[in-house]
Every structure is written in structure tokens, then in C-alpha cells.
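Below is one structure, written out as C-alpha cells; the observations come after it.
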Amino acid sequence: MSKKLEKQFVELLDKHQNIVHKICRIYAYDDASHKDLFQEISIQLWKAYPKFRGEAKFSTWMYRVALNTAISLYRKKKRSIATSSITNFEFKLSEDEYNNEVEEHLKLMYQAIKELNDIDKALVFLYLEDKNYKEISDTLGITEVNARVKMNRIKKKLKELISG
Amino acid sequence: MAEGLDLLKEQWKKQNKNLPKYSKDELYQMLQKKSTSIVKWIFIISILEFLFWIGLEVVSYFNDFNAIIDEINLTYFYRVTLVINHLVIIGFIILFFKRYKNINVTDNAKELMKSIIKTRNTVKAYVWFNVIFFIISFIITNYFTIKHLSIDQEGFIWGFIAGVFIVMLIFVGLLLLFYRIIYGTLIKRLHKNYQQLKKLEL
């Protein structure tokens, strides 16, 4: 593939890399697996890029390829020290928002999300990204009604995980 | 105050400045790396599977196998099965490439998983076809070999049958083990996720 195309792609990837990082935050369990997943998503995006015709927004297209990689293509590497850096790898509040109680609650919430299965994580991610049920159902290939029902169940499950 | 997931949603948007950021150089470097996606591995292993069975045929072609076949009067049977086998192999290879090409990372998640599993199943069917074909021709060939031997060697015949049977069992056993190890670990997660999505439709 041409250098020009590659340059164009890296510009776009750079501009939207936050999306990929956020997916990695949901699926990866430490810094090394974050980088692994980020890399695999970037490669898959790059491989699919020549077919990207610009019908959709780049970011919308990116959500789909990135999530597909996380739940369908990516192979987790086994690591013996997998849990060691989890504490450093949680959701960080910005400094000015600092509030102990809120932060504690968010930490628990984050840990609970980590316990969900891959599909539930995808739903949570899209929900957090403020995607509507139409987009969620289109990305995953389920009906809107099912996406809504499932989301309500996940919310309930997360509540139970936190209070339990 | 919002709670639970909605509280996280409020904070979620504000986290951008706390996310890691890779430089463009790092991004370039990442693109040069090799993909480790399961589709790539399914592709590589499938090609090896096709080559293995084709290789097995080539080996038997250069062996004394033909002489034995002629001796026990199975030449016609052997030729017909060879033609069928070749046609089926070609059919499977064409089908495999068609399925492989249909894997599209921009499909929705469910469709993507479905097409990966379908591609995998094509090769699985191909391998089972070969195993069953192998067993049937093995039994027929050995039946005629035994018939060809003189009847007063009965003890030897039973020993021969037992030997053949054990070889067949070991072969099929190894194949099953191969599947469990290679594909079990490779697509276990994908299968699980696909079942999760399918369950949602019930």
C-alpha cells in the first residue's frame, strides 16, 4: 500500500486514537495487554482501510473494526504476571474532579465491568460512548430491542456486583 | 447524583486527557508488526492441513502402493477413488478461499464471527472427509489383501486385522487430539462470544 495512504491513515489513527485506548481500557488487564490489543486493532484498521470509502465517519467505522478485533479476532496472550499491575490500571479521575467517595464508587464500577463477558463489555463500552441503541445493535448484529433488554440486565448485574 | 454506570458515563467523557497517547512514530511502527489475529492462524493452519493430505497422497504415489493395488486386483477401485478424492479436494479448496475472502472485519460482530466459524468448518469438513475416506479405503484394501492371502494363515489374518485396527484408531485419535489442542485454544473465546450473541436472540 502506498506511502501516501499510510501517512493519511496514521494521521486519522492519531487523531482518533482515544477510541482505541478506551476499548483497550475495557478489555485489557494490564499495560502490556493494552499495548498488544492496541497494536492488533491498529493492524486490523490498516488492513481494512483501503476498503474504507468514507460513506461513514472514520470514527464510526473505527468503532466497528476495533470492537470486532477485541471480541472476535484478538488472541489474549497468557501472562503469568497478569494481575500485578491491575491497580495501576484503573480508571483515573481528572485531578480537579477529585472526590473520594465518587472515586471509590467508580473504582468498584470499573472492577465490576472487568468481570463481565466480552459481549457485555462491548455493550457497556458503546453505552459509555453515548451510542444509541440503533448503533449498538448495528455494531453487534443484534436487534435494538435485545440490545435494550440486555443493557438493562447488565446495569442490574453491575449494581449487584458492586453491592455484593 | 447519578450512580452506577451512569456516574461512570459522566466521568467517561472527561477521561481523555488521562488516556495514554502514542506518537505517530510509534503508530507507524505498530503497523509494521505482524498480526496475531485468529483468522490469520486459521488460514495458516488450514493451508497446512490441505498440504498434509495432498502430501500424503504424493507419498503413497511414489511408494510401492500401486504394485500392491495391482496385485490384489483393486486397480479400478483405486483409480475411481483417486479421481473422486481429487475432485473433492479441489472443491474444498475453492470453497475455503471463497469463505476466507468473505471474512470482513467491517461486518457486524455476529456476522463476522459467523463467517470465521464457517470458514473453519469448511476445513474441518475437509479433514473429516479425508479421515472417513481413508478409513473406508483402508478397510476395503485390507479386506482384499486378506482375501488374497491363503486361508491356512488364519492366526496371521486376525493379527493383521487387529494391527490395522489399532493403526486406524491411533491415527483418528491423534487427529482428534490435534483438533482439541490447536483449534480448542484458538477459537474457544470466539465460540463463546458467538454463543453469547446468539443467546440474545432467543
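Sequence lines set the chain letters: A, B, ... in the order given, protein chains first and strands last, and positions in each chain run from 1. Keep in mind that this is a model prediction, so the values were computed, not measured.
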Completion exercise
Most heavy-atom pairs under 4.5 Å with chain B, out of A/Val10, A/Val145, A/Val65, A/Asp130, belong to A/Val10
Exercise for the section: Classify the ring geometry between A/His34 and B/Tyr22 as parallel (under 30°), tilted (30 to 60°) or perpendicular (over 60°). Expected result: perpendicular
Handout entry: Residue part contacting chain B, namely of A/Ile113, when any heavy atom lies under 4.5 Å
Key = side chain
Handout entry: Close side-chain approach of B/Met30 to A/Ile43, heavy-atom, < 4.5 Å
Key = no
Practice task
For chain B, find which of A/Ile162, A/Leu67, A/Ile154, A/Asn117 contributes the most heavy-atom pairs closer than 4.5 angstrom.
Solution key: A/Asn117
Problem - Contact check, side chains of A/Tyr127 and B/Asp6, non-hydrogen atoms, under 4.5 Å - result: yes
Handout entry: side chain to side chain donor-acceptor pair (under 3.5 Å) assessment of B/Tyr28 paired with A/Asp14
Key = CA-CA 10 Å; B/Tyr28 267 114; A/Asp14 181 41; over 6 Å; no
Practice task
Using non-hydrogen atoms and a 4.5 Å limit, figure out which bit of B/Gln29 sits close to chain A: side chain, backbone, both or neither.
Solution key: neither
Practice task
Check each atom of A/Thr139 against the heavy atoms of chain B and say whether the ones under 4.5 Å are side chain, backbone, both or neither.
Solution key: backbone
Handout entry: Distance in Å, B/Thr106 OG1 paired with A/Arg53 CZ, rounded so as to fall on 0.5 Å steps
Key = 10.5 Å
Exercise for the section: Measure distances from A/Ala66 to the heavy atoms of chain B and classify the residue's part below 4.5 Å as side chain, backbone, both or neither. Expected result: neither
Exercise for the section: Could you tell me whether A/Glu11 and B/Lys24 make a salt bridge, using a distance below 4.0 angstrom between a side-chain N and a carboxylate O? Expected result: yes
Problem - Interface moiety of A/Glu40 toward chain B, non-hydrogen atoms closer than 4.5 Å - result: side chain
Fill in the blank from the handout: Applying a strict 4.5 Å limit to non-hydrogen atoms, the region of A/Lys51 in contact with chain B is side chain
Practice task
Check whether any side-chain heavy atom of B/Val105 lies under 4.5 Å from a side-chain heavy atom of A/Lys47, and answer yes or no.
Solution key: no
Practice task
Report yes if the side chains of B/Leu31 and A/Phe9 come closer than 4.5 Å at any heavy-atom pair, otherwise no.
Solution key: yes
Problem - Sub-4.5 Å side-chain heavy-atom contact between B/Ile116 and A/Leu73 - result: yes
Practice task
Write down the atom of A/Ser72, the atom of B/Ala109, and the distance for their closest heavy-atom approach.
Solution key: OG-O, 4.3 Å
Exercise for the section: Verify, without hydrogens or angle tests, whether B/Arg189 (side chain) and A/Ile71 (backbone) share a donor-acceptor contact under 3.5 angstrom. Expected result: no
Exercise for the section: Side chain from CB out, backbone as N, CA, C, O: work out which of these in A/Met151 comes under 4.5 Å of a heavy atom of chain B, or both, or neither. Expected result: side chain
